[in-house]
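One structure is given here, and the rest of the page talks about it.
Keep in mind that the numbers below use all heavy atoms, side chains included, and drop hydrogens, waters and symmetry copies. All values reported here derive from a predicted model rather than from experimental measurement.
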Amino acid sequence: ETTVPKPTEIPNAKPTTTYNPLGKYKVPTRTIYYKSSVMQGDDVKWVEASLKKLGYAIKVNGKYSKADSTIVKKKGLAADGHVGKKTLSKLISDIEIAVTKVAKVSGLQVTENTIEKASTDSSKEYNVSASWKGVSNASGYILLYATESTFSNNSKVGKKKTSVSIPNLKKGKTYYFKVRAYKTVNGTRVYGKYSTVKKIKIS
């Protein structure tokens, strides 16, 4: 992004339809960069506010300073510190991930089922059915289960539905279960908190 377009507008930008996950200030339609005559404006505030939301110590004053440019470099968005089309796209993506909230899963229920095999085989198969309340914006769920309440050496099951059957559990063992939801945002999973832990002893 070292080449600054003349005039300094981002090619093919559509300012009236540009997604603004920050919900604040004006999304830049020009390349923002540090120069002797400091660039100012509401769009500079958007860049600064975005970086602040992502955890960087930065002042939101609408003046693109050398310090601002250095933060952009350190973040690895652009080696030259310019906020052009690619950097803007990355900022929007990162902000969308940062503002996404996924609710904690509730209502986890665990039930044991014992299934007798064919009459010629007296052995039995023990499995557990787990179900929970859905989260409205979830892309899917991750269920963990283990024989220790610390969930060390846990097993993981990924599901898009709100129920799962887990086979081949051992008789006499106590199992612990918890589940959380996630939403996939721009290829990145944003997770909610785990549900209350449920346990069951296979009898």
Side-chain angles (χ1 to χ4, degrees), residues 18-25 27 45-60 71-72 74-77 86-115 125-203:
T18 299
Y19 176 54
N20 185 3
L22 192 63
K24 233 179 176 184
Y25 309 120
V27 178
K45 285 185 179 180
W46 186 93
V47 172
E48 293 168 332
S50 295
L51 291 169
K52 188 171 183 177
K53 182 70 177 178
L54 294 173
Y56 291 86
I58 190 170
K59 291 182 179 179
V60 182
I71 287 174
V72 172
K74 284 184 177 179
K75 182 170 170 54
L77 290 169
K86 290 181 180 179
T87 300
L88 177 64
S89 177
K90 184 67 168 61
L91 274 175
I92 288 175
S93 175
D94 287 353
I95 288 295
E96 187 179 8
I97 292 167
V99 301
T100 297
K101 304 294 181 185
V102 181
K104 179 179 178 179
V105 172
S106 62
L108 176 61
Q109 298 294 326
V110 182
T111 307
E112 177 190 346
N113 296 302
T114 304
I115 303 171
E125 178 181 305
Y126 297 88
N127 72 330
V128 159
S129 294
S131 61
W132 54 89
K133 291 183 180 178
V135 174
S136 61
N137 68 339
S139 301
Y141 303 89
I142 300 294
L143 178 81
L144 293 188
Y145 65 98
T147 53
E148 303 86 15
S149 59
T150 57
F151 286 88
S152 57
N153 299 316
N154 66 76
S155 296
K156 182 188 297 184
V157 180
K159 295 290 287 185
K160 290 190 175 181
K161 296 181 180 180
T162 57
S163 63
V164 63
S165 181
I166 303 169
N168 303 322
L169 301 183
K170 295 180 180 179
K171 184 177 181 180
K173 286 276 190 180
T174 297
Y175 290 86
Y176 298 83
F177 299 81
K178 63 181 179 179
V179 61
R180 65 177 174 174
Y182 67 86
K183 182 177 181 180
T184 304
V185 183
N186 299 324
T188 297
R189 284 185 177 183
V190 180
Y191 292 94
K193 293 182 179 180
Y194 276 108
S195 67
T196 301
V197 174
K198 291 286 184 178
K199 69 177 181 178
I200 189 171
K201 184 173 182 179
I202 305 299
S203 57

Mind checking whether [X] and [Y] have side chains closer than 4.5 Å, heavy atoms only?
{"X": "Tyr141", "Y": "Val164", "value": "no"}
{"X": "Glu112", "Y": "Ser203", "value": "yes"}
{"X": "Leu88", "Y": "Trp46", "value": "yes"}
{"X": "Thr162", "Y": "Lys133", "value": "no"}

Does [Y] offer a backbone N or O that forms a donor-acceptor pair with the side chain of [X] under 3.5 Å?
{"X": "Tyr25", "Y": "Glu48", "answer": "no"}
{"X": "Ser195", "Y": "Val179", "answer": "yes"}
{"X": "Ser139", "Y": "Thr184", "answer": "yes"}
{"X": "Ser93", "Y": "Ser89", "answer": "no"}

(message) Assess the residue pair Ile97 and Val190 against the criterion (side-chain contact (heavy atoms from CB on, under 4.5 Å)); give the C-alpha distance rounded to whole Å, side-chain angles, the decisive distance to 0.1 Å, and a yes or no.
(response) CA-CA 7 Å; Ile97 292 167; Val190 180; 3.8 Å; yes
(request) Might you work through the side-chain contact (heavy atoms from CB on, under 4.5 Å) test for Val128 and Ile202, ending with a clear yes or no? (result) CA-CA 9 Å; Val128 159; Ile202 305 299; 3.8 Å; yes
Can you tell me how far the [atom1] atom of [X] sits from the [atom2] atom of [Y], to the nearest 0.5 Å?
{"X": "Lys24", "Y": "Ile95", "atom1": "NZ", "atom2": "CD1", "answer": "11.5 Å"}
{"X": "Ser163", "Y": "Leu143", "atom1": "OG", "atom2": "CG", "answer": "10.5 Å"}
{"X": "Leu91", "Y": "Leu51", "atom1": "CG", "atom2": "CG", "answer": "5.5 Å"}
{"X": "Lys59", "Y": "Lys52", "atom1": "NZ", "atom2": "NZ", "answer": "10.5 Å"}
{"X": "Tyr126", "Y": "Tyr175", "atom1": "OH", "atom2": "OH", "answer": "11.5 Å"}
{"X": "Ile200", "Y": "Lys173", "atom1": "CD1", "atom2": "NZ", "answer": "15.5 Å"}

(message) Let's go through Val110 and Tyr176 carefully: what are the C-alpha distance in whole Å and the side-chain angles of both, what is the deciding distance for side-chain contact (heavy atoms from CB on, under 4.5 Å) to 0.1 Å, and is it a yes or a no?
(response) CA-CA 10 Å; Val110 182; Tyr176 298 83; over 6 Å; no
Minimum-distance pair of heavy atoms, taken over all atoms of [X] and [Y]:
{"X": "Ser165", "Y": "Asn127", "value": "OG-ND2, 2.9 Å"}
{"X": "Tyr194", "Y": "Ile142", "value": "CE2-O, 4.3 Å"}
{"X": "Val105", "Y": "Ala181", "value": "CG2-N, 3.5 Å"}
{"X": "Glu96", "Y": "Thr100", "value": "O-OG1, 2.6 Å"}
{"X": "Ile71", "Y": "Ala57", "value": "CD1-O, 3.5 Å"}
{"X": "Val99", "Y": "Lys53", "value": "CG1-CE, 3.9 Å"}

(request) Please list, chain by chain and in numerical order, all residues satisfying side chain to side chain donor-acceptor pair (under 3.5 Å) with Tyr182, sequence neighbours excluded. (result) Arg189
(request) Carefully, step by step, assess Leu169 and Ile166 under the rule side-chain contact (heavy atoms from CB on, under 4.5 Å). (result) CA-CA 8 Å; Leu169 301 183; Ile166 303 169; 4.0 Å; yes
